[in-house]
Peer 1: 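Take this structure, written in structure tokens, and hold onto it; I'll ask about it next.
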Amino acid sequence: MKPTKNNYYCQKCKRAKIRFETLQEAILFLKYNAAEIEQQTGKRPIRAYYCESCRCWHVTSKPVTFTLQHFRHKFGDEKGSELFDVLSDILGYNSGLEYMLSKKIKELRHALKFTTIKIEKCRSLILSLINVFEIIVKENLLDKVSFDTQLKKFNEQCSIFQLKTQALTC
């Protein structure tokens, strides 16, 4: 059930938000309440973020923005531009980092579904995705739930790749 006692008007968001003292509290809230909130409001909270204005954690249904402006704002002009360039070279460009990561994992899954696979193409996709996951971890670009979901999908594809390459070498 969605708590109401810790609703707080956030000046930055210009609306009432639930305050969480820690990231772990916010993640647990997402885990146990997201489905019910989606039924009530039509929007499913998907990630937690730290609010500088409130000095606490909030949850949101909006995915992480994957724009040059967002990265510059979060990391500064130079580092933000560099990170955006690296990620957009690997993932392409769209509105959500999680969406683009998921799309790239689906591309790998598609490449692995054939009886005969193009090993170098698959290896290249895997290495580029490893690079993206390293950046995401280092810069904390996705919440834990979203990250774990994408990592699980990626690991499944890596296992398939390993099995198929082992079968070719036997």
Peer 1: Please report, to 0.1 Å, the donor-acceptor pairs under 3.5 Å made by any side chain of residues 126-142, with sequence neighbours excluded.
Peer 2:
unit_1 : atom_1 : unit_2 : atom_2 : d
Ser128 : OG     : Ser124 : O      : 3.3
Ser128 : OG     : Leu125 : O      : 2.9
Glu139 : OE1    : Lys79  : NZ     : 3.2
Glu139 : OE2    : Lys79  : NZ     : 3.1

Peer 1: What pair of heavy atoms forms the shortest contact from Lys17 to Tyr49, and how long is it?
Peer 2: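 Closest approach of Lys17 to Tyr49, heavy atoms only: CE-OH, 3.3 Å.
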Peer 1: Who are the side chain to side chain contact (heavy atoms under 4.5 Å, CB included) partners of His73, not counting sequence neighbours?
Peer 2: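 Residues passing side chain to side chain contact (heavy atoms under 4.5 Å, CB included) with His73: none at all.
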Peer 1: Lys118: which residues meet the side chain to side chain contact (heavy atoms under 4.5 Å, CB included) condition with it, sequence neighbours left out?
Peer 2: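 Counting only residues at least two positions away or on another chain, Lys118 forms a side chain to side chain contact (heavy atoms under 4.5 Å, CB included) with Lys121.
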Peer 1: List in chain and number order the residues that pass side chain to side chain contact (heavy atoms under 4.5 Å, CB included) with Tyr9, two or more places apart in sequence or in another chain; answer none if no residue qualifies.
Peer 2: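 If we apply the side chain to side chain contact (heavy atoms under 4.5 Å, CB included) test to Tyr9, skipping adjacent residues, the hits are Gln11, Lys14.
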Peer 1: Please step through side chain to side chain contact (heavy atoms under 4.5 Å, CB included) for the pair Gln157 and Leu112, ending with a clear verdict.
Peer 2: CA-CA 8 Å; Gln157 299 311 308; Leu112 290 168; 3.8 Å; yes
Peer 1: Answer yes or no: is there a side-chain heavy-atom contact under 4.5 Å between Thr165 and Leu163?
Peer 2: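 Counting from C-beta outward, Thr165 and Leu163 never come under 4.5 Å.
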Peer 1: Considering all heavy atoms of both residues, which atom of Ile37 and which atom of Pro45 are nearest to each other, and what is their separation?
Peer 2: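 Heavy atoms only, the tightest pair is CG2-CD, 3.8 Å.
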Peer 1: Got a list of side-chain donor-acceptor pairs under 3.5 Å for residues 145-153, not counting sequence neighbours?
Peer 2:
unit_1 : atom_1 : unit_2 : atom_2 : d
Ser146 : OG     : Glu98  : OE1    : 3.2
Ser146 : OG     : Asp143 : OD1    : 2.8
Ser146 : OG     : Asp143 : OD2    : 3.4
Asp148 : OD2    : Lys144 : NZ     : 2.7
Thr149 : OG1    : Val145 : O      : 2.9

Peer 1: For the side chain of Lys164 and the backbone of Ile119, is there at least one donor-acceptor N/O pair under 3.5 Å apart?
Peer 2: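 Checking the backbone N and O of Ile119 against the side chain of Lys164, no donor-acceptor pair under 3.5 Å is found.
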Peer 1: Should His70 and Phe84 count as side-chain neighbours, where that means a heavy-atom distance under 4.5 Å?
Peer 2: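 They are not in contact (no side-chain heavy atoms under 4.5 Å apart), so the answer is no.
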Peer 1: So do the side chains of Leu28 and Phe20 get within less than 4.5 Å of each other, counting heavy atoms only?
Peer 2: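 When only atoms from C-beta onward are counted, Phe20 and Leu28 do not touch, as no gap falls below 4.5 Å.
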Peer 1: Within this structure, what is the CD-CZ distance for the pair Gln166 and Phe161, rounded to the nearest 0.5 Å?
Peer 2: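 Atom-to-atom, Gln166:CD and Phe161:CZ are 10.5 Å apart.
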Peer 1: Mind checking the CE-CD1 spacing from Met100 to Ile105? Nearest 0.5 Å is all I need.
Peer 2: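 One finds 12.0 Å between CE of Met100 and CD1 of Ile105.
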Peer 1: Nearest 0.5 Å please: distance from the CZ atom of Arg44 over to the CG atom of Asn33.
Peer 2: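 Reported to 0.5 Å precision, the distance equals 10.5 Å.
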Peer 1: For Glu21, look at atom CD and say whether over 12 heavy atoms of other residues, nucleotides or ligands are found less than 6.0 Å away.
Peer 2: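 At most 12 heavy atoms, drawn from other residues, nucleotides or ligands, come within 6.0 Å of this atom.
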Peer 1: With heavy-atom distances below 4.5 Å as the criterion, would you say the side chains of Leu91 and Leu97 are in contact?
Peer 2: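 Sidechains of Leu97 and Leu91: in contact.
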Peer 1: Can you give the donor-acceptor pairs under 3.5 Å from side chains of residues 50-62 to other protein atoms, not counting sequence neighbours?
Peer 2:
unit_1 : atom_1 : unit_2 : atom_2 : d
His58  : ND1    : Ile18  : O      : 2.9
Thr60  : OG1    : Lys62  : N      : 3.1

Peer 1: Could you grab the distance from atom OG of Ser81 to atom CG of Leu68, nearest 0.5 Å is fine?
Peer 2: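 The OG atom of Ser81 sits 5.0 Å away from the CG atom of Leu68.
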